[in-house]
Amino acid sequence: MAGNGRVLKNLIMVFASEGVGGLLSFIIVLLAARLLGVEQFGVFSYILAITSVCQLVADFGLTNLIVREVAKDTSRAQYIMSNVLSLAWVLSIVILTLVALIALFSLDTARQQSAAIIMGVAVLATYHSVVYSSVCRAFEQMSYNAISFVVHKVILLALIYSFYHLSLFSSSLLAICMAYLVANVCQYVYFVVVVRTRFIRFGFGRDFAFAWQLLKDAVPIGASMVIRRLTLQVDTLLLGVLATASAVGLFSAAYKVVQVVDMIPFAICLPLFPAMSRMASNEPDKLPAFFSLTLTGFLLVSIPLCGYVFVSAGNLIELFYGPSYVSAIPALRLLAFAIIGLFVNMLLSYVFMALGKQRFYLLAAMSCLAVNALVDVLLIPRMGATGAAWGTLLGELSYFLLCIVFLSRVQLAYAWLAQLTRPVLLCILISWVAYLSPPQGITEQVLFSLAYGLSYVTGLFVLRVFKPADIKRALALLTERQGRTELADNSVSGS
């Protein structure tokens with residue numbers, strides 16, 4: 001039971017931190033959008049897109065590989081991490097050079113190029129934080145990650161506000177980028193101290209053959225993650241080439257709303273990934289039932305969020321960004337439908353990684369990127385931000401459809417029609433009624449949120465879609481698995 005408590009603690013801590021940290025992240029986005037204006041916010045979003053893709057290229061799947069491998073055998077943690085550290089610093093130098101070259105050739109002014117390089121260093125600090133934090137994830141002590149996520153956002157928000165109002169830098173763009181750099185370095189120092197004092201100490205490894213093997217093993221995961229991140233940023237990148245900075249700003253404003261929602265499946269998947277990896281390795285017969293219950297939960301949450309964002313799109317844009325961003329409303333309404341795909345696809349990517357089927361994840365990610373980019377090229381010149389939203393929506397749909405095919409290859413069947421019909425019909429009914437009189441202003445939005453959520457949950461019980469017994473069954477799977485693991489560990493230590 002202690003093991004089950006550990007998983008529950010991780011779920012609660014990460015979910016709570018993602019909720020608080022996600023809210024703070026969104027406030028940071030809103031503050032940046034208002035301080036910079038539509039055009040400069042577009043430039044900032046373009047820089048973020050470049051640096052975030054480069055961060056994932058530097059990672060290249062290593063951190064998720066760390067979690068999977070260390071979770072299987074914690075006795076090798078020091079050896080694995082020492083060699084990962086050496087590899088991470090080599091990749092960092094390469095990627096920072098790449099960011100500088102991209103900034104030099106794609107940004108117009110020296111100020112924008114300087115901002116991009118500052119953000120490049122800031123993102124690499126985050127990358128090394130993630131390398132160290134993967135140790136906490138592998139040992140399933142994710143309270144450290146949860147605390148860091150929230151504190152980092154508090155520091156970043158305070159720094160952005162201070163740097164801007166104290167006029168310490170020549171432009172708002174540079175002030176915001178420097179705030180990211182300082183906050184990210186603080187986060188890196190925190191994880192170095194935590195890992196070295198609470199878990200393991202390690203320096204630079206010299207087993208270059210092992211490091212090279214790690215990199216080769218990470219290639220399928222890394223390629224998939226790079227493509228996946230590129231897919232999430234391809235709209236912004238292509239808008240920067242095919243449209244105006246204002247179009248980038250409008251799309252980014254809409255997409256940031258969806259990204260806040262997307263933190264929910266990410267928060268749930270993080271603590272579940274080590275458990276799924278152990279199940280896939282040691283008790284594969286338990287994984288199908290656990291996967292089915294988890295996927296049902298993801299669907300029951302994502303379907304109403306889709307309807308909620310669609311109905312509230314106009315009011316949310318005006319409340320969050322102000323009247324200068326009203327042209328982003330059509331894009332947000334389209335992106336609302338992508339929420340279901342983002343939820344499900346997040347879970348499926350972690351399932352394929354846990355099973356060691358990175359090739360399926362890679363193929364699905366490539367399909368999504370290809371469809372997204374093609375639609376963007378066709379529609380952005382004529383529709384701007386709305387065309388980019390269509391690209392995101394159709395790309396996520398292609399990912400979802402291909403993953404359904406791949407699930408049958410790994411013997412993970414799911415009754416999609418039976419599970420989706422009643423929640424979808426319920427959401428359509430509630431959203432249609434709400435769309436006749438959408439909320440306006442803060443008070444109506446709060447009241448609408450409460451009424452919408454209550455109506456949906458009540459409908460789930462009335463239609464007998466929501467079954468608390470399913471949650472108990474999922475916990476029973478974890479309890480049995482964790483209990484056996486700890487019993488075995490105790491027996492070994494006792495002998």
Side-chain angles (χ1 to χ4, degrees), residues 19 22-23 26 250-251 253-265 268 295-321 325-347 383 385-397 399-401 415-467:
L23 178 61
F26 192 53
L250 292 173
F251 176 80
Y255 195 62
K256 292 299 180 184
V257 177
V258 175
Q259 281 186 315
V260 171
V261 176
D262 195 36
M263 289 183 177
I264 298 173
I268 299 173
L295 180 54
T296 299
F298 273 46
L299 290 170
L300 292 180
V301 173
S302 61
I303 289 170
L305 284 173
C306 166
Y308 176 84
V309 173
F310 180 84
V311 172
S312 306
N315 197 40
L316 292 177
I317 289 294
E318 292 202 44
L319 286 175
F320 292 150
Y321 298 102
Y325 284 85
V326 292
S327 297
I329 294 173
L332 180 56
R333 288 211 168 103
L334 281 172
L335 290 172
F337 292 99
I339 289 174
I340 299 174
L342 289 169
F343 263 68
V344 175
N345 297 341
M346 178 77 72
L347 175 62
M383 303 175 67
T386 305
W390 273 111
T392 298
L393 177 58
L394 295 178
E396 291 301 320
L397 179 60
Y399 188 107
F400 172 72
L401 294 175
W416 293 98
L417 186 61
Q419 297 291 344
L420 283 171
T421 301
R422 284 177 291 174
V424 167
L425 291 177
L426 175 62
C427 182
I428 289 174
L429 175 62
I430 297 173
S431 300
W432 176 71
V433 173
Y435 191 71
L436 297 176
S437 181
Q440 297 181 354
I442 297 177
T443 303
E444 288 190 16
Q445 189 66 47
V446 172
L447 294 175
F448 168 70
S449 301
L450 295 173
Y452 185 92
L454 182 61
S455 300
Y456 181 75
V457 172
T458 302
L460 292 180
F461 278 106
V462 170
L463 296 175
R464 298 185 60 80
V465 175
F466 182 75
K467 301 180 182 66

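The structure displayed is predicted, hence computed values, not measured ones.
Once rounded to the nearest 0.5 Å, the distance linking CD1 of Ile428 with CD1 of Ile303 reads 9.5 Å. Once rounded to the nearest 0.5 Å, the distance linking CD1 of Ile430 with CG of Leu425 reads 11.0 Å. To the nearest 0.5 Å, atoms CD1 (Ile339) and OG (Ser302) are separated by 8.5 Å. Between the CZ atom in Phe343 and the CG atom in Leu295 there is a gap of 12.0 Å [rounded to 0.5 Å]. Once rounded to the nearest 0.5 Å, the distance linking CG of Leu300 with SG of Cys427 reads 11.0 Å. Atoms CD and CG, on Gln259 and Leu342 in that order, are 9.0 Å from each other to the nearest 0.5 Å.
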- Would you sort out whether Ile329 and Leu316 count as a side-chain contact (heavy atoms from CB on, under 4.5 Å), showing the intermediate values? CA-CA 9 Å; Ile329 294 173; Leu316 292 177; over 6 Å; no

- Message: Apply side-chain contact (heavy atoms from CB on, under 4.5 Å) to residues Glu444 and Asn315 and explain how you reach the verdict.
- Response: CA-CA 10 Å; Glu444 288 190 16; Asn315 197 40; 5.7 Å; no

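Annotation: side chain of Tyr456 is not in contact with side chain of Leu305 (no heavy-atom distance under 4.5 Å). For the pair Leu299/Trp416, a side-chain contact is recorded, criterion being any heavy-atom separation below 4.5 Å from C-beta on.
Between the side chains of Glu396 and Asn345, at least one donor N or O lies within less than 3.5 Å of an accepting N or O.
Counting all heavy atoms, side chain and backbone alike, Phe448 lies closest to Ser312 at CE2-OG, 3.1 Å. Residues Leu463 and Arg422 approach most closely at O-NH1, 2.8 Å, considering heavy atoms. Listed here is the closest heavy atom pair of Phe298 and Leu347: CE2-CB, 3.7 Å. Shown here for Pro439 and Gln445, the closest heavy-atom pair between the two residues is CG-OE1, 3.3 Å. Of all the heavy atoms in Ser431 and Gly307, the pair that sits closest is OG-CA, 3.4 Å. For the residue pair Gly314 and Arg333, the shortest heavy atom distance occurs at N-NH2, 4.1 Å.
For an aromatic pair to be called close, the ring centres must be under 6.0 Å apart, and Phe310 with Trp432 fails this.
With hydrogens and angles ignored, the 3.5 Å screen pairs no side-chain donor or acceptor of Tyr325 with any backbone N or O of Ala253.
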List the atom pairs, with distances to 0.1 Å, where a side-chain N or O of residues 388-395 and a protein N or O form a donor-acceptor pair under 3.5 Å, not counting sequence neighbours.
from: Thr392; atom 1: OG1; to: Asp235; atom 2: OD1; distance (Å): 3.4
from: Thr392; atom 1: OG1; to: Asp235; atom 2: OD2; distance (Å): 2.7
from: Thr392; atom 1: OG1; to: Ala388; atom 2: O; distance (Å): 3.4

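By the 30° and 60° cut-offs, the orientation of the rings of Tyr255 relative to Phe251 is parallel.
No more than 12 heavy-atom neighbours from other residues, nucleotides or ligands sit within 6.0 angstrom of CD1 on Ile442.
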